[in-house]
J.: 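I have a structure I would like to understand better, so I am pasting it below and will then ask my questions one at a time.
Computed from heavy atoms alone, side chains included, the values below leave out hydrogens, waters and symmetry copies. Ligands are counted one by one from 1 in listed order, and the atoms in each one are counted from 1 as well. The model shown is predicted, which means the values in this text are computed figures rather than measured ones.
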Amino acid sequence: MAETLAPAFTGADVPDMAALRTCVHCGICLPVCPTYRVLGEEMDSPRGRLYLIRAAAEGRIGLTPSLTRHLDLCLGCRACETACPSGVPFGSLLETARGQVERQGRSTTPRLLGRLIFALFPRPDRLGAALGALGLYQRSGLQRLVRAAGVLRVAPRLAAMEALLPVVPRRADVPVLTPARGTRRGRVALLTGCVQRHLYPDVNRATARLLSLAGWDVVAPPAQGCCGGLDLHAGRLDELRLRARALTAALPDDVDWVVTNAAGCGSAMREYAHWLPGDAGVARLAGRVRDVSQLLVDAELPLGRLGATVTYHDACHLVHGQKVRNEPRALLARIPGLRLVELADSELCCGSAGIYNLLEPAMAERLLAMKIERIVQTGARIVVAGNPGCLLQIAKGVRERGLDLEVLHPVQVLARALDQGRSFGEQDLGR
Ligand code: SF4
Ligand code: SF4
């Protein structure tokens, strides 16, 4: 008979045993799991990982390096949740198990890099300063020299981080208030995000412009912090709670909706109530979170002609985390002249997965290669995704392969169509 150990998970935030027992081991989730597709190992599948978490929770195994490796390799993409007919909440089970692994110091990912990332990414002020310095590094020509000399080859994870970064744009904050144009529908708060505001300020500006044309007053408080999405993904649940409370206090309460244009942020915010039960303010915020595509999909927009072949990649935390699948496609398909081509395996993770591509560059690279191969097969000249992490990851793959492909957020494509339609559109609305 197998020896029974003490349960490996202790204290607060342990994986929910009742939820673990809902897995009936049917295996329907296996074919959609990116790590299972790459490695073909049962323990790198959702069913295998659930088996390991349950065995650890029941004291049948400890938090061995092998167990933590299988959990660390999981992308947290939640494709398994969408596929599962039994409704197993894989995401929250993984996040609690990861939190336990992290707290007990058992993770197999490099701790120093993890600390550096969490000291920087969820802090818009620090991230802005670091990216400002990086912009100088790029513009001074130093980046070219460092790359040519291959200096970063000795530190593959640092090299992965450096390779991921696009040309850092100049700072361009979205206005604190963008008033509604035309018939007013109400008022929304815009989450400006940490990565989004510094690396993709155009996305925030296009979001505000489109929402205002759709009749919404758009409020974007400059003092808002991080949503805690990266913390949640890593199982840092206390940090998530702190950030959720701070963000709830920073965003106005007198709004109809809280709009996000970053899938990972929206997904995390919608789950606040689960992680902070009994906090009414946080629950009210969570209940009003919507992806920008959901607010635009039924709006009258003066879109001009855009003759382009476009394909759409489903960001995991939009399609699986928020169940937003049709709205971005419907919006793109409305642009006159635009040809939308379906992407094979559109819902397969591109390898970005929050900070996964920095911590697990080898697996991230294999998934990126699969994604790029399928994008090329579509013949599209523009690939669209609703999450900054996916934009960074896919753009890196495009850059490294020298492909003639643009990587854009849906609102950037819509904003281009607006520019084309200005002769008969926005100026009539007072732009
Ligand atoms: S979250 Fe994604 S990578 Fe992890 S087990 Fe589920 S499908 Fe596989
Ligand atoms: S997680 Fe769901 S789909 Fe996967 S084996 Fe368990 S019950 Fe089946």
Side-chain angles (χ1 to χ4, degrees), residues 15-58 66-102 107-109 229-230 232-235 263-264 267-268 270-271 274 313-323 325 345-371 387 389-390 393:
D16 179 353
M17 279 309 296
L20 280 169
R21 287 193 198 105
T22 55
C23 175
V24 296
H25 316 297
C26 64
I28 289 173
C29 54
L30 268 63
V32 301
C33 172
T35 55
Y36 182 74
R37 281 178 66 163
V38 169
L39 300 171
E41 293 286 339
E42 173 71 16
M43 290 307 157
D44 288 307
S45 79
R47 183 173 63 186
R49 290 181 176 120
L50 288 167
Y51 174 83
L52 291 173
I53 296 171
R54 184 168 170 180
E58 290 173 346
S66 157
L67 179 148
T68 56
R69 186 73 203 124
H70 294 302
L71 295 188
D72 284 342
L73 262 184
C74 175
L75 295 137
C77 69
R78 294 169 61 177
C80 46
E81 262 190 38
T82 300
C84 177
S86 303
V88 176
F90 187 89
S92 57
L93 289 168
L94 175 74
E95 283 143 9
T96 43
R98 264 200 180 144
Q100 291 276 336
V101 168
E102 190 61 38
S107 175
T108 61
T109 57
L230 289 183
L232 175 59
H233 214 63
S267 174
R270 287 189 197 225
E271 284 163 25
H274 174 82
H313 158 72
D314 282 285
C316 302
H317 284 85
L318 202 51
V319 68
H320 305 305
Q322 301 183 61
K323 311 297 178 207
R325 175 181 281 104
D345 284 329
S346 175
E347 294 184 11
L348 190 73
C349 180
C350 63
S352 167
I355 55 170
Y356 185 94
N357 48 358
L358 304 179
L359 298 175
E360 300 289 347
M363 174 61 78
E365 196 50 50
R366 291 175 77 173
L367 292 169
L368 178 59
M370 288 163 75
K371 184 60 66 179
N387 188 50
C390 308
Q393 173 80 342

J.: Treating Tyr356 as the side-chain partner and Leu73 as the backbone partner, does any N or O pair qualify as donor plus acceptor under 3.5 Å?
T.: yes
J.: Using a strict cut-off of 4.0 Å, indicate which atoms of ligand 1 neighbour a heavy atom of Arg78.
T.: 1 (S), 2 (Fe)
J.: Heavy-atom contacts with Pro85 under 4.0 Å: which atoms of ligand 2 show up? List them by number with element.
T.: 3 (S)
J.: Give a yes/no answer: is there an N/O/S atom of Cys80 under 2.8 Å from atom 4 (Fe) of ligand 1?
T.: no
J.: Is there a donor-acceptor pair under 3.5 Å between the side chain of Arg78 and the backbone N or O of Cys316?
T.: no
J.: For atom 6 (Fe) of ligand 2, which protein heavy atom lies nearest, and how many Å away is it?
T.: Cys23 SG, 2.4 Å
J.: Name the closest protein heavy atom to atom 1 (S) of ligand 2, giving the residue it belongs to and the distance to 0.1 Å.
T.: Leu50 CD1, 3.5 Å
J.: Nearest to atom 5 (S) of ligand 2, what protein heavy atom do you find, and at what distance?
T.: Gly27 N, 3.3 Å
J.: Flag the pair Arg54 and Glu58 as a salt bridge only when some basic side-chain nitrogen lies within less than 4.0 angstrom of an acidic carboxylate oxygen.
T.: yes
J.: If you look at every heavy atom in Ala263 and Leu318, which pair is closest and at what distance?
T.: CB-N, 3.5 Å
J.: Looking only at protein heavy atoms, which one is nearest to atom 2 (Fe) of ligand 2, and what is the separation?
T.: Cys84 SG, 2.3 Å
J.: Can you list the ligand 1 atoms lying under 4.0 Å from a non-hydrogen atom of Arg49?
T.: 3 (S), 4 (Fe), 5 (S), 8 (Fe)
J.: Any idea which heavy atoms bring His274 and Ser92 closest together, and the distance?
T.: NE2-CB, 3.9 Å
J.: Considering only NZ, NE, NH1 and NH2 on the basic side and carboxylate oxygens on the acidic side, decide whether Arg69 and Glu360 come within less than 4.0 Å.
T.: yes
J.: Write out the residue and atom name of the closest protein heavy atom to atom 7 (S) of ligand 2, then the distance separating them to 0.1 Å.
T.: Val24 N, 3.3 Å
J.: Have a look at ligand 1 and work out which part of Tyr36, if any, has a heavy atom under 4.0 Å from it: side chain, backbone, both or neither.
T.: neither
J.: Does any N, O or S atom in Cys26 come within less than 2.8 Å of atom 8 (Fe) of ligand 2?
T.: yes
J.: For atom 3 (S) of ligand 1, grab the closest protein heavy atom and report residue, atom and distance to one decimal in Å.
T.: Leu75 N, 3.4 Å
J.: Distance-only, no hydrogens or angles: does the Thr35 side chain make a donor-acceptor pair with backbone N or O of Asp44 under 3.5 Å?
T.: yes
J.: At less than 4.0 angstrom from any non-hydrogen atom of Cys33, what atoms of ligand 1 do you find?
T.: 3 (S), 5 (S), 7 (S), 8 (Fe)
J.: Considering only protein heavy atoms, which is closest to atom 4 (Fe) of ligand 1, and at what distance to one decimal place?
T.: Cys74 SG, 2.2 Å
J.: Let me know which of His313, Met370, Arg37 forms a side-chain contact (heavy atoms from CB on, under 4.5 Å) with Asp345.
T.: Arg37
J.: Against heavy atoms of Gly76, which atoms of ligand 1 measure under 4.0 Å?
T.: 1 (S), 4 (Fe)
J.: For residues Thr82 and Arg325, is any side-chain donor paired with an opposing acceptor at under 3.5 Å?
T.: no
J.: Any side-chain to backbone donor/acceptor pair from Asn357 onto Ala364? Under 3.5 Å, distance only.
T.: no
